[in-house]
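Below is one structure, written out as structure tokens; comments come after it.
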Amino acid sequence: MVDKRHSGPSGQAGPAAVPLYGFQPPVGTPYGLEVSTVEDFFTQHDDWPWNPPRPGRATFHYLIAVTEGELRHDVDHVTRTVAPGQWLWVRPGHAQCWHPPGTARGTFILFEPDVLRPDLARLLAPLTTHEAPAVLSPHPDDTAWLQQTALQLLDEHRALGRRPLDIHHALRRSLLESLLLRLANSPGIAPIGTATAGTGRADRYGRFLDALELHFRELHQAADYAELLGCSVRTLSRAARDVTGKGVRELIDERRLLEARRLLGGARWDARTVAVHLGFTDPANFGRFFRDRTGLTPAAFAAGEATTVPPPVLG
């Protein structure tokens, strides 16, 4: 059952409590990579959070290649529509909510960040970053190759026991990395090789971003993230300023502000609920935080978004 596959906080998920799910594949599945199909996954898990739909976040990547039908999926409180030939990518920490799959068909790949070798992970940073598009439309020359490679990955995943375990995993990882390298050619993705060089500070900053995406709702101090990463606040601050020119606290506040804009605008949450969701002890404190950075009260911002932004459905 699904509660054995993905563990998270108990209780019902409400607007102020979006559960975080860890990666826990079926018994016998090696390492942090699982491959299935959309139809099989839904069939085998009728109690997963689409029945009824409810929000959640994960510590791993969801990558779905739609080959038939149309898939609808909420990513960061915006409904995305994925057509045949497109790929849905939900990255660790993104808020998501499932819709019933309907006639959607395609390969469904789940993997932990650590599956990628460090040198490949740095190379693929423009693709795996939290700001990369949730829906990818590969170059037409790549579409057939990508779909075929996804099927080969699915076949190798199902071949557990056919060859030694280390060879089996090496083949799966090689196919996944090849697929991602080709998928990085999609429009909207920065050219491969433009990621910051793999210095120690850049690596630390990347790990900080991963931690921030997972914990910005409850951890708001630079010291919290330095402790998570096993370094001093000064070391973390240097890494952040080297890459962005900004301090750690400023980056934390920017991420909280981005989430507040999404919830007040596209998701139409009220200010009090957003304040609780983002870890503010007092809605008035959230109001000051938002006004100081935008020049608007949360209510004024929400009212403006309501009159200028159509219902949040994206392709």
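Side chains are part of it too, since the values below use all heavy atoms of this structure and drop only hydrogens, waters and symmetry mates. Quick note: residue numbers are just sequence positions, from 1. Note that this is a predicted model, so its numbers are computed, not measured.
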Is it true that a side-chain atom of [X] and a backbone atom of [Y] form a donor plus acceptor pair closer than 3.5 Å?
X: R262; Y: V78; answer: no
X: E177; Y: R117; answer: yes
X: R255; Y: L251; answer: no
X: S237; Y: G247; answer: no

Check: F111 ring centre within less than 6.0 Å of F60 ring centre: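 Ring-ring flag for F111/F60: false, centres at least 6.0 Å apart.
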
Over 12 foreign heavy atoms within 6.0 Å of CZ, R272: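 Atom CZ in R272 is not crowded, with 12 or fewer foreign heavy atoms closer than 6.0 Å.
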
Atom CD of E227 with >12 non-hydrogen neighbours under 6.0 angstrom: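 No, CD of E227 has 12 or fewer neighbouring heavy atoms, counting only those of other groups under 6.0 Å.
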
Are any of the side-chain nitrogens in [X] or [Y] under 4.0 Å away from the carboxylate oxygens of its partner?
X: D210; Y: R204; answer: no
X: R217; Y: E259; answer: yes
X: E156; Y: R162; answer: no

Interatomic spacing from [atom1] in [X] to [atom2] in [Y] - rounded to 0.5 Å:
X: T143; Y: R182; atom1: OG1; atom2: CZ; value: 10.0 Å
X: D114; Y: T59; atom1: CG; atom2: OG1; value: 10.0 Å
X: E39; Y: T107; atom1: CD; atom2: OG1; value: 8.5 Å
X: D74; Y: R80; atom1: CG; atom2: CZ; value: 9.0 Å
X: S178; Y: L183; atom1: OG; atom2: CG; value: 12.0 Å

Would a 4.5 Å heavy-atom cut-off, applied to side chains only, mark [X] and [Y] as touching?
X: E213; Y: R57; result: no
X: L180; Y: L176; result: yes
X: L179; Y: L181; result: no
X: V75; Y: L88; result: yes
X: R241; Y: V248; result: no

Is there a chain of hydrophobic side chains (I, L, V, M, F, W, Y, each step under 4.5 Å between heavy atoms) that links [X] to [Y]?
X: L171; Y: L120; answer: no
X: F280; Y: L219; answer: yes
X: L63; Y: W145; answer: yes
X: F41; Y: V66; answer: yes

Residue from F108, W89, W87, F23 passing ring-ring contact (aromatic ring centres under 6.0 Å, His included) with H61: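 Passing option: W89.
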
Under 3.5 Å side-chain donor-acceptor pair for [X] and [Y]:
X: H157; Y: E34; value: no
X: R249; Y: Q221; value: yes
X: T43; Y: D40; value: no
X: N285; Y: R288; value: yes

Minimal non-hydrogen separation, [X] against [Y], with atom names:
X: R173; Y: V115; result: CD-O, 2.9 Å
X: R256; Y: F289; result: CB-CZ, 4.1 Å
X: P126; Y: A132; result: O-CB, 3.7 Å

CA sep, side-chain torsions, deciding dist, call: L212, I252, side chain to side chain contact (heavy atoms under 4.5 Å, CB included): CA-CA 7 Å; L212 177 63; I252 296 170; 4.0 Å; yes

Y31 six-ring centre to R172 NZ/CZ under 6.0 Å and within 45° of normal: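 Relative to the ring axis of Y31, which defines the angle, R172 lies outside at least one limit.
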
F290 and F301 aromatic ring geometry - parallel, tilted or perpendicular at 30°/60° bounds: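 Rings of F301 and F290: perpendicular, over 60°.
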
Residue pair F216, L278: steps toward the side chain to side chain contact (heavy atoms under 4.5 Å, CB included) verdict: CA-CA 8 Å; F216 69 86; L278 293 178; 3.9 Å; yes

